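First the structure, in the form of structure tokens, and then the observations on it.
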Amino acid sequence: MFKAAIVQRLLLAAPLTLSLLAQASLTVVAETAPQQTLPKPDAVQPTNLVAAPSETEQSRPTTAPISLGQVSLEQASSYTQMPPMIPVMEQATQVTSVSQLGDVKPTDWAFQALQSLVERYGCIVGYPDRTYRGDRALTRYEFAAGLNACLDRVNELITAGTADLVKKEDLVALQKLQEEFAAELATLRGRVATLETRTITLEKQQFSTTTKLNGLVWFNLTGAFSDRSVTAERRFANNAFAAPTRNPVTLVPSRVQREEPEVTLSYYSFLTLTTSFSGKDSLITQLAVGNGNSPANEFVSAGFFNSWGTPFLDQTGTLTAGSVVVRELSYAFPVGQSVRVIVGPRINFYRYFDQNRFTFFLTGATSYNSNGSTLSNAVDRGSGAVIVWNLNPQLRFTAAYLAENTEFLSPSGGFNTSSDPSAGLFNSTNTITGELAFSPSKNFNLRLLYTRSNIKAYNGFIGGSVGEPLPYGYADDGFGGRVNDANADAVVLNFDWLITPGFGIFGRYSYGSTEIDPVNAARSGGDVDVQSIQFGFGFPDLGKKGALGVLSFLVPHDYLSGQRFLLAGGGDGSTQYELEASYYYPLTNNIAIVPAFYAIWNPNSFSSNPTVFVGNLRAQFSF
């Protein structure tokens, strides 16, 4: 009778079997049990070992350093930054003695009672390191969660008709423990009920069980100003794409005068879908739409559209303003614990290479020329594969083969060649890139990048948006004649150093060489050798935690040899240089404003040109 009465009281006191089991699992096991977690998009956030993500371009912007082990859009935008390596999850293991749980005090009477129950019924699950985590004593709520598990285990035995397996003294101990921890058990029951309600609501409202949606929207108010007209090398005054023609006598490229443009207000947006099937892989599908044509594009020489004076996020990003395109499409998966492989028809080069905590396009320097090296890369988005190998916590090697498949280039113009059978994956503009990143501490990152490029001669010229390391512009045979496809090499050295929590420095040095091979065999070829230099200062948390001020000085292209081949970009031989100031200021976790100001001296490499000033005010929304 006594035993039956105890059992009856326990059963009446415990609609615990389901709810408390859920809470016990949540409190004790959740940290280590295998789950299908969705890695955040790789974009946004610069993919260095310990710095902020880069054109990942895709998760909530942050200026805080991250480590390889963290799962973090370009950085957005950016969803702009490489998927971090996801650590192998620890597996929960069955504990057969409370003495194995090192942070439970064996001097407490409750420990003695729980120890007996665990040893007899195997009712608590712990971690392989024999702790509940945190290197601290077990709280009463944590202990109550363990008690729940034992209550549920005893209830299961009774419900299964095996009550004889439950000893009378254990039922007495359970009754005493239940009375001692009655308040904690009641609180846990309430928390579980609330959690169940929230879970049901989430299941009804969630976008997908396997897919996470991130969004970024930008509004841009931009103006470009000069005190007089600007000389540009163009064939047609209102066309920044058609290659100039040469004067048959002087061989000087055709020139036009460009007047000051009007102020513009435009938008640009990314929607990124990150799907995971195993919790360790990620399928990235990023859509883009925009209508921007930044005012400085009215000043530039042919082939320099969306280069100097243009904020990276003040663009259309598509062939037709307002049309939606697939900007990224790739699948990433781990191979072992230290290697990650990315394959796809449209991989974003900048998600994996040439990142920098102070030039990440979502939070750092804002212009095309300051976001990354001006000599890299001929393939912005391409078909192929990337391999990321974490050699150790301080050293990472990344390699890629990409064939051009950029979303804003027209197939009718001969672009998107990797999906065109006439060129395909291996006979298109393509690049082979390797980058070694060294991070001796979370405050310092050094990256060395090398790219070998095979560049198609579109319309008989090398250059434009697929011409790097020729930094935009166009190259011919020096006489206005056509050239063959070109081979090119580029080296980039890139560093960022957070000297104090509120101050850091960064820089890039790039060198590139492009072979020029005339179609006319009677004309000699040669190389166009060019360098670019960037140096700047970063001011994290300036005025507010999460803010970032950046000053960037750069020489986007300094031609060392081969100027005679420059059909657009050579100017009168002067060197263009630029100064940029930007300030990322978060109003909330999801809204930021980013004012920026640029000054461009010797624009289009003409010393006779006036200085051009650009002002941009960006509103940034993330969700």
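Small disclaimer: the values here were computed from a predicted structure and weren't measured.
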What residues, two or more places apart in sequence or in another chain, satisfy side chain to side chain contact (heavy atoms under 4.5 Å, CB included) together with Ala423?
Thr417, Ser428

Quick check: do Val388 and Ile342 have side-chain heavy atoms less than 4.5 Å from each other?
yes

Is it true that Arg508 and Thr374 share a donor-acceptor pair across their side chains at a distance under 3.5 Å?
no

Side-chain atoms of residues 559-570: list all donor-acceptor pairs with protein atoms under 3.5 Å, sequence neighbours left out, distances to 0.1 Å.
{"from": "Ser561", "atom 1": "OG", "to": "Asp529", "atom 2": "OD2", "distance (Å)": "2.8"}
{"from": "Gln563", "atom 1": "NE2", "to": "Tyr559", "atom 2": "O", "distance (Å)": "3.2"}
{"from": "Arg564", "atom 1": "NH2", "to": "Ser524", "atom 2": "OG", "distance (Å)": "3.4"}
{"from": "Arg564", "atom 1": "NH2", "to": "Gly525", "atom 2": "O", "distance (Å)": "3.4"}

Does the ring center of Trp308 lie less than 6.0 Å from the ring center of Tyr472?
no

Is Phe236 close to Ser254 at the side-chain level, that is, under 4.5 Å between some pair of heavy atoms?
no

Rounded to the nearest 0.5 Å, what separates atom CG in Asp517 from atom CZ in Arg482?
15.0 Å

Suppose we screen for side chain to side chain contact (heavy atoms under 4.5 Å, CB included). Which residues come up paired with Leu436, at least two apart in sequence or across chains?
Leu391, Leu395, Phe397

Side-chain donor-acceptor contact under 3.5 Å, Arg258 with Asn238:
yes

Donor-acceptor pair between Gln576 and Asn602 side chains, under 3.5 angstrom:
no

Does a side chain donor of either Asn616 or Asn220 reach within less than 3.5 Å of an acceptor in the other side chain?
yes

Output the distance between atom CG (Leu329) and atom CG (Leu283), rounded to the nearest 0.5 Å.
6.5 Å

State whether the number of non-hydrogen atoms from other residues, nucleotides or ligands found under 6.0 Å of Trp497 atom CH2 is greater than 12.
no

I'd like to check Ser510 versus Ser532 (side-chain heavy atoms, cut-off strictly below 4.5 Å). Are they in contact?
yes

What class does the angle between the rings of Phe506 and Phe358 fall in, given that below 30° is parallel, 30 to 60° is tilted and above 60° is perpendicular?
tilted

Does a donor on one side chain sit under 3.5 Å from an acceptor on the other, for Thr318 and Glu407?
no

Determine the minimum heavy-atom distance between Phe299 and Ser226, stating which atoms define it.
CZ-OG, 3.6 Å

Non-neighbouring partners of Ser418 that pass side-chain hydrogen bond (donor to acceptor under 3.5 Å, both in side chains), sequence neighbours left out:
Ser383, Asn405

Looking only at side chains, do Glu578 and Asn369 share a donor and an acceptor under 3.5 Å apart?
yes

Side chains of Thr429 and Glu404 only: does a donor on one sit below 3.5 Å from an acceptor on the other?
no

For the rings on Phe426 and Tyr401, is their centre-to-centre separation under 6.0 Å?
yes

Please list, chain by chain and in numerical order, all residues satisfying salt bridge (Lys or Arg N to Asp or Glu O under 4.0 Å) with Arg618, sequence neighbours excluded.
none

Nearest heavy-atom neighbours spanning Leu319 and Pro411
CD1-CD, 4.2 Å

Gln315 side chain to Thr310 side chain, donor-acceptor N/O pair below 3.5 angstrom:
no

We want to know whether Ser453 and Thr451 form a side-chain donor-acceptor pair, criterion being a heavy-atom distance below 3.5 angstrom.
no

Check: residues 456-469 side-chain donor-acceptor pairs under 3.5 Å, at least two apart:
{"from": "Lys456", "atom 1": "NZ", "to": "Asn427", "atom 2": "O", "distance (Å)": "3.4"}
{"from": "Lys456", "atom 1": "NZ", "to": "Asp485", "atom 2": "OD2", "distance (Å)": "3.4"}

Taking atom types as modelled, find out whether Ser439 and Asn445 have a side-chain donor-acceptor pair closer than 3.5 angstrom.
yes

Under 3.5 Å, is there a donor on one side chain and an acceptor on the other for Asp314 and Ser266?
yes

The ring pair (Phe, Tyr, Trp, His ring centres under 6.0 Å) partner of Phe219 among Tyr267, Phe621, Tyr268 is Phe621

Measure up the Trp601 and Tyr577 rings against each other and bin them: parallel (under 30°), tilted (30 to 60°), perpendicular (over 60°).
parallel

Proximity of Phe535 and Phe553 rings by center, below 6.0 Å:
no

All heavy atoms of Glu435 vs all of Tyr352, minimum pair found to be OE1-O, 3.9 Å

